[in-house]
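Below is one structure, written out as structure tokens; the observations come after it.
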Amino acid sequence: MSRIRQQNVTAAQWSADGGALGSPDLTVADNQVFGANVFSVEAQRQRLPKQVFKHLQSALARGEALDTSLADAIAQAMKEWALERGATHFTHWFQPLTGMTAEKHDSFYGPSGDGSALAQFSGKELIQGEPDASSFPTGGIRATFEARGYTAWDPTSPAFILENPNGALLCIPTAFVSWTGEALDHKIPLLRSMDALSRAAVRALKLLGDEESIRVFTTVGPEQEYFLIDEQYYYERPDLVTTGRTLFGTKPPKGHELDEHYFGSIPERILACMMDTERELAKLGVPVKTRHNEVAPNQYEIAPVFENSNVGSDHQQLTMQILQNVARRYGLVCLLHEKPFAGVNGSGKHNNWSMGTDTGLNLLEPGDTPHENIQFLFFCAAVVAAVNRHQALLRASVASVGQDHRLGANEAPPAIISIFLGAELERVFEAIAGGHAAAASDNGFLGLGTPSLPPLPMHGGDRNRTSPFAFTGNKFEFRTVGSSGSLGLPNTVLNTITAEAIDAMSDQLEAKIADGGSVEEAVIAVVKEAYSSNSQIVFGGDNYSEDWHAEAQRRGLENLRTTPDALPWLVHEQTVGVFSKYGVLSERELEARYEVSVEQYFVKLNIESETAASIARTMLLPAAVRHLNDLSATGMESLVGEVRPLIEEFHAAIIELEAANDDPGLEGLELAFYMRDTVIAAMDGVRHVADRLERLVADDRWPLPKYSEVLFIK
Ligand code: ADP
Ligand code: MG
């Protein structure tokens, strides 16, 4: 048997190590691990001096700065808690612009002077760290001569302990700033945008008669899609190892046409891995709720219960990390790339987003009373206006190399941003826009002669799976986010642009109320204006259809198919305007992000194209040539004649790719466009021939595991 076939057998023979987790009796209190490794409010209550605890909690509730004199006491309690759990080191855990997390470990222990070691951890160490951070991307914000950046403790996201078979690590969520105060990470702008939205929403709520709410939090619940494949195949494929996706591989004879995988029963080995992952995440306080198979073979999904955007975003980074770590225990590798396999469904991350008050009210939940519904329509209309105005920016916020295989390609969701509201809600808005609020619906959604609204249906019955931005009952689901992406930027954008729209509507509301007239009438008038001037973004049909592309163009909606098309919107005048108005990102900070994103785009593509050239030249071409030799030995010209021209074509395509890989002497966006137009085309050219060769060359000669193996052996 050939080497690769032999490995297929080994991979398929894998069986779950039944003793690894066992099945704990969950009715026993100690077996409930949720939050066990989190320095939670409860842990703080038990360990902090009463006054310190009270101060900390009230500062957090009000979104106020923390009195740094409390830091020593908190550090002391945190250290003791961590040491009891076996932690030897601590780290400031942060999210640089690479979109991943970064950590540098420091030992708690220092020499005590008498030859022994003492565990130390001061308030200063808790609050501020100074990683030697000159090699994180900064988009030119930090020249190396001023290479200092520092990490600053984020008390709003709880510290946690990461376990390792050989020890444990206390992780302190931190923000990452340049020494001149510019944000170098994804957390700072997210926090700033949450503040901006809170201020705007609280102001609007006051106008609407809510005197109680003092904070509004944005919430996020991400549905993460991913692939799990056997690690043997992963390590057999330099493309997967180096780029996270397969650069070669012909479509398997069996895809997801049979629809047997989606929501199908989960294979035992995969389920064992999922359960272990969930248990690890539970210890870290990540409230994982659902798991299921996804559309593609070997594709799965994990989703938590929503949390406030900052914590939810930290938890999302942890989820991606734990998914990858735990998979290895089961001989699997977790692929988070947006498109690991050509011709097979890719992976996204549905970003469920809403706004809620500190009094427990979801602002996007249609309520039980006319008043609640008026409030709902106000905030919902603000989202419609915001998304319409900043559709291109939203698109840019999720742009990356991997995403270009999904958005604007043949797959969902499209690069065109539109909003799905559901038939009932759309009808209500249309009626208001048409000036006949009172007659909005025959089953009496809006009262006769009065603009007040009786209860809306709790969860609009219909769903639209093709919409990139769908209202799903009590939240909006931004489905364009990529599976490997950070939640930071898309949520920062959502929060900031919604703050702007809410404020604009509040201005109008204030003016109308000042003119006399009831709040209800004023709200309906403002909603009418907001909706009718933005309703071109609302679309309930099939977003994948060609018709929609034509229709969207007629409506004047943006269709930014690729990353280089979209990224300039990060620094567009309109973006700079709203981000500086709300103090979320300065023009310089936006430029830095833009530069880093452009660079990531061409650097990643360059890695892909060099890898493709090397695999083609040193693995596939030799295999094809050996195969040709075998055929020549038979003396059967017809066989040789089938393969030989293809090999010549392959060789020519490789030479073309190698030439495209030569430094074109371009920079920035121009280089990005060169990569997109010249290099991707050359890579596709090589792949196209390689995939045909894969079907011709003797199976035992082909050096890469095939899709039919990688995707179907579990
Ligand atoms: P779906 O039908 O799209 O699978 P679910 O109702 O199961 O949706 O919810 C999917 C995600 O939406 C979950 O992560 C859930 O926590 C999140 N979610 C629910 N309510 C909110 C909210 N108010 N804000 C943010 N996310 C939410
Ligand atoms: Mg969903």
Side-chain angles (χ1 to χ4, degrees), residues 34 190 193-194 197-198 201 205 213 215-226 262-263 274 277-278 281-282 284-295 299-320 322-323 345 347-367 372 375-376 379-380 382-383 386-387 412-413 419-422 425 456-481 483 485 487-488 490-495 498 543:
F34 189 82
L190 180 60
S193 74
M194 289 172 73
L197 185 126
S198 180
L205 283 168
S213 302
R215 284 277 293 170
V216 169
F217 294 93
T218 53
T219 49
V220 70
E223 301 164 61
Q224 170 79 51
E225 293 177 336
Y226 60 97
Y262 188 57
F263 274 35
M274 286 176 169
T277 303
E278 288 164 14
L281 287 169
L284 296 167
V286 181
V288 173
K289 176 90 171 152
T290 58
R291 57 165 102 107
H292 61 78
N293 289 354
E294 259 303 328
V295 175
Q299 191 186 29
Y300 308 95
E301 181 181 297
I302 182 170
V305 174
F306 68 94
E307 300 178 276
N308 98 42
S309 303
N310 179 38
V311 176
S313 163
D314 282 356
H315 280 169
Q316 169 58 202
Q317 294 292 335
L318 270 178
T319 302
M320 292 195 286
I322 299 293
L323 273 170
N345 204 58
S347 300
K349 177 147 51 199
H350 291 179
N351 185 109
N352 293 273
W353 172 89
S354 189
M355 306 168 267
T357 64
D358 56 344
T359 56
L361 195 70
N362 178 353
L363 299 180
L364 292 177
E365 172 103 47
E372 282 169 352
Q375 189 166 291
F376 161 74
F379 287 105
C380 195
V383 177
V387 171
I419 300 183
F420 170 77
L421 289 174
L425 187 53
L456 289 175
M458 279 289 285
H459 292 273
D462 50 348
R463 289 230 156 178
N464 181 322
R465 287 284 161 206
T466 68
S467 174
F469 201 93
F471 181 69
T472 44
N474 56 0
K475 60 189 180 335
F476 277 100
E477 191 167 329
F478 184 27
R479 302 196 178 119
T480 316
V481 183
S483 50
L487 295 181
N491 286 282
T492 299
V493 168
L494 272 175
N495 297 345
T498 305
N543 281 260

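Each ligand, and each atom within it, is numbered from 1 in the order the structure gives. Source: prediction; values computed, not measured.
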* Distance in Å, C380 SG paired with L421 CG, rounded so as to fall on 0.5 Å steps ->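 C380 atom SG to L421 atom CG measures 6.0 Å (nearest 0.5 Å).
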
* side-chain hydrogen bond (donor to acceptor under 3.5 Å, both in side chains) partners for Q316, two or more places apart ->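 Scan of Q316 (side-chain hydrogen bond (donor to acceptor under 3.5 Å, both in side chains), adjacent residues dropped) gives K349.
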
* Asked: Sequence neighbours excluded, which residues qualify as side-chain hydrogen bond (donor to acceptor under 3.5 Å, both in side chains) partners of N495?
  -> S193, T218, W353

* Which ligand 1 atoms are under 4.0 Å away from a heavy-atom of E477? ->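 Taking each heavy atom of E477 in turn, ligand 1 has 3 (O) under 4.0 Å.
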
* For V305, counting its heavy atoms only, list the atoms of ligand 1 lying under 4.0 Å from any of them. =>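 Near V305, meaning under 4.0 Å from one of its heavy atoms, ligand 1 has 16 (O).
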
* Asked: Among L197, V220, V383, N351, whose side-chain contact (heavy atoms from CB on, under 4.5 Å) with L494 holds?
  ->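 Single side-chain contact (heavy atoms from CB on, under 4.5 Å) partner of L494 among L197, V220, V383, N351: N351.
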
* For N362 and ligand 1, answer yes if some heavy atom of the residue is under 4.0 Å from a ligand atom, otherwise no. => yes

* Asked: What about F306: any of its N or O atoms under 3.5 Å from an N or O on ligand 1?
  -> yes

* Has ligand 1 got any nitrogen or oxygen that is less than 3.5 angstrom from a nitrogen or oxygen of T219? ->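 Indeed, backbone or side chain, T219 has an N or O that close.
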
* Name the option, out of K289, E301, K475, that contains the heavy atom nearest to atom 5 (P) of ligand 1. => K475

* To do: Look at atom 13 (C) of ligand 1 and find which of P287, P304, A303 reaches it with the closest heavy atom.
  =>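 It is P304 whose heavy atom sits nearest to atom 13 (C) of ligand 1.
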
* **Residue of the set F376, F420, F379 for which ring-ring contact (aromatic ring centres under 6.0 Å, His included) holds with F471** => F376

* Would you tell me whether S354 and N362 have side-chain atoms, one donor and one acceptor, within less than 3.5 Å of each other? =>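 Yes.
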
* Asked: Which bit of E365 is near ligand 1, meaning a heavy atom under 4.0 Å away: side chain, backbone, both or neither?
  -> neither

